[in-house]
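By convention in this document, chain letters (A, B, ...) are assigned in the order of the sequence lines, proteins followed by strands, and residues within each chain are numbered from 1.
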There are 2 protein chains.
Amino acid sequence: MNRTRTSIVDIARAAGVSKSTVSLVLQKSPLVSEATREKVNAHIAELGYIYNRGAANLRQSKSKIVGIVVNDLTNSFFAELAVGMDMVVQSAGYVQFLAHSGESVDRQREVIASMRENGIAGLILSPARGTKASDIKDLADSGIPVVVVVRNLPGAKVSTLVSDNYAGAKAAVRHLIGLGHRRIAFMGGFQDTAVFGERLRGYRDALQEAAILATEKCIIHSAPSRAGGVAALERLITIEDRPTAALCLNDAVAFGVCDGLRANGLEPGKSFAIIGFDDVIEAKTAVPALTTISVDPQGMGQRAAQLLLKQINSGQRDQESIVTSVRLVVRQSCGAPVKQLEEIE
Amino acid sequence: MNRTRTSIVDIARAAGVSKSTVSLVLQKSPLVSEATREKVNAHIAELGYIYNRGAANLRQSKSKIVGIVVNDLTNSFFAELAVGMDMVVQSAGYVQFLAHSGESVDRQREVIASMRENGIAGLILSPARGTKASDIKDLADSGIPVVVVVRNLPGAKVSTLVSDNYAGAKAAVRHLIGLGHRRIAFMGGFQDTAVFGERLRGYRDALQEAAILATEKCIIHSAPSRAGGVAALERLITIEDRPTAALCLNDAVAFGVCDGLRANGLEPGKSFAIIGFDDVIEAKTAVPALTTISVDPQGMGQRAAQLLLKQINSGQRDQESIVTSVRLVVRQSCGAPVKQLEEIE
DNA sequence: CTTGTTTTTTGGATCGTTCCAAAATATTTA
DNA sequence: TAAATATTTTGGAACGATCCAAAAAACAAG
């Protein structure tokens with residue numbers, strides 16, 4: 001069909017030099033004279049030559065490809081994370097395989113295998129729910145740098161970059177307590193993720209600190225999505241001594257809770273205080289603007305990619321664990337001090 | 001650092017056969033006897049062999065990689081589009097380079113160049129704003145199948161897959177007219193994209209059909225994002241004879257408009273009717289649930305990927321233009337018939 | 001036990017680069 | 001100008017797979 005694409009020897013022939021010389025020109029070696037460099041470059045442009053990176057990779061047994069596996073691209077937190085990675089990966093001259101595991105460990109395993117066959121220089125993984133450290137053991141053992149982001153993988157001997165979930169949750173709950181709330185719920189998420197565990201711990205400790213008894217019924221599990229938030233709220237309103245505020249697992253859940261409140265004739269931020277987690281872009285413009293814990297997903301993506309590239313370039317495999325700091329961004333959804341709210345009741 | 005990875009000859013040596021035999025086993029050829037197949041497979045498993053697809057690609061001068069370039073991954077429409085593509089690409093045994101152009105034609109050019117060097121079998125492109133047909137001409141000329149999605153690229157000789165923007169916009173405006181609205185705005189988007197042009201044309205024709213005069217001041221440009229929607233609404237409320245309804249360029253803008261209305265003490269769906277475009281996942285659960293034109297981005301992604309794979313496999317480069325049909329999904333944001341609204345005024 | 005068939009296996013060339021030692025050319029020095 | 005040195009250029013061997021023609025082994029028939 002398509003005639004074989006033009007290669008380095010075609011150029012060499014056209015320019016009347018050897019293929020080695022052309023190769024030298026391509027890698028901008030200072031060993032070639034200015035005259036031949038120009039001559040060769042002219043022919044490269046004329047023949048529309050396209051560098052075959054695969055062949056180079058084969059010879060050098062290394063590549064300029066990094067793999068990125070994300071558990072849920074439709075969640076804007078992860079989409080932004082991916083965009084942040086993309087930025088630094090691209091400007092470092094790398095190209096990325098980006099795959100979406102959809103929270104399936106099977107699919108995750110498949111795509112990682114496929115990436116290995118294609119020869120990635122490193123991998124950034126935001127693990128699907130239920131991923132075990134053993135799932136990436138042989139990858140890491142093979143000497144390919146791996147950076148795990150967002151969700152911790154206890155026991156895995158790789159670098160990790162997670163946000164300070166514990167501190168963030170604690171700060172959020174302290175803020176709610178400071179506003180006068182005493183019955184505070186924790187909404188969204190499932191037991192089995194590290195993120196959930198860490199944030200819940202922060203929530204519990206903040207309550208304990210204020211000598212508030214944390215009741216189990218105030219911890220409401222649900223899918224970590226907008227729809228999950230709606231569902232969680234439906235369960236919340238049925239409990240007696242209904243909480244007056246909630247920390248949500250993430251912003252998506254928080255938005256869902258807002259939706260649910262409205263559907264029940266309650267006004268988020270007025271009759272119920274809400275704090276999210278992540279600070280996705282919509283958090284700022286939503287109505288009411290969402291009080292949340294800012295984790296800067298794009299920045300995290302950038303840092304993760306930088307960490308990976310550093311490991312690729314240095315050749316050292318020693319693991320590094322970074323916990324990125326977070327900060328409370330107070331907006332409207334957590335309302336005014338609770339005295340006003342109590343009056344309404 | 002890392003000892004050279006085990007190759008086909010290592011296996012051959014271990015199993016006491018030739019590398020050709022191992023190759024045959026790898027590609028599940030029926031020519032090898034059952035006995036040797038098992039023996040070889042045992043050694044493959046034992047040595048932890050990883051297939052080097054790059055080497056195979058070099059020899060065969062073809063690859064199992066498709067490139068996907070998306071203009072804005074943080075927009076959930078495109079994120080879902082990418083997920084749809086990912087699904088079919090992955091299950092066809094391909095792997096995808098996914099890049100985010102961030103609406104920059106320069107970056108888009110760079111990533112496409114990089115993908116070509118890495119040897120992609122085909123490309124799916126959702127063009128950045130301002131992309132010209134000439135930008136992908138030589139790619140298409142080189143015989144690599146290209147599918148352009150979402151935004152039309154007039155003049156490009158490649159297959160395209162776009163949703164029926166014209167019909168969708170028309171249906172939406174007809175619906176608003178049917179509810180009794182007469183002053184209807186078109187909000188969001190910029191002049192220079194094909195999508196904007198097509199939807200605006202649908203809007204105009206529907207108004208004309210009903211003998212309603214379309215005034216230019218009812219067409220409000222803004223960024224096609226949530227923030228853009230907020231900004232657009234701020235401008236809308238200043239005009240005299242304020243419209244009672246709006247068709248928004250997309251759901252993101254529509255959500256922004258809702259936010260803006262609330263910030264101005266107006267209630268979306270009650271005092272102002274809104275219709276979006278795209279039907280992103282949040283549209284259903286938002287409050288009020290968004291009336292919108294459903295385009296099923298994930299399905300579009302799947303169809304685009306299927307179209308590309310078909311071209312890759314068949315080797316035929318004849319272009320195909322698919323316009324996917326859309327449908328109006330009526331929810332709460334467009335409110336009840338306008339008589340009630342007029343009474344409020 | 002040959003010969004003829006069929007089934008398996010195999011060596012070497014190949015894909016497009018990079019790398020290296022060695023060759024060719026240019027430049028300097030005595 | 002010849003020798004010594006510095007600068008450029010080059011051929012061929014890798015890298016790890018596939019492909020193909022041909023060899024080897026297994027089997028059948030006479």
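Rounded to an integer number of Å, the gap from CG of Leu31(A) to C1' of dA22(C) is 14 Å. Atoms CG (Asn57(A)) and P (dA17(D)) sit 14 Å apart, rounded to a whole Å. Note: CD (Glu117(B)) to P (dT17(C)) measures 10 Å, nearest angstrom. Atom CD in Glu38(A) sits roughly 14 Å away from atom P in dT8(D) (whole-Å rounding).
Between His43(A) and Val22(A) the shortest side-chain heavy-atom distance does not fall below 4.5 Å.
Regarding contacts with the backbone of dT9(D), a side-chain N or O of Thr36(A) is found under 4.0 angstrom from either OP1 or OP2. The shortest distance between the side-chain N/O atoms of Ser18(B) and the OP1/OP2 oxygens of dT10(C) is below 4.0 Å. OP1 or OP2 of dT10(D) lies within a sub-4.0 Å distance of a side-chain N or O belonging to Thr21(A). For Ser33(A) and dT9(D), the shortest distance from a side-chain N or O to OP1 or OP2 is below 4.0 Å. For Ser23(A), a side-chain nitrogen or oxygen approaches OP1 or OP2 of dT18(C) to under 4.0 Å.
Of the charged side-chain nitrogens involved, at least one lies within less than 4.0 Å of a carboxylate oxygen, so that Arg13(B) and Asp10(B) count as a salt-bridged pair.
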Polar-atom pairs under 3.5 Å, protein N or O versus N or O of nucleotides 13-16 of chain C: list them with distances, or write none.
unit_1  : atom_1 : unit_2   : atom_2 : d
dT14(C) : O2     : Arg59(B) : NE     : 3.3
dT14(C) : O2     : Arg59(B) : NH1    : 3.2
dC15(C) : O2     : Arg59(B) : N      : 3.3
dG16(C) : OP1    : Thr4(A)  : OG1    : 3.2
dG16(C) : N2     : Ala55(A) : O      : 3.3

Give each protein N/O atom lying under 3.5 Å from an N/O atom of nucleotides 21-27 of chain D, with the pair distance.
none

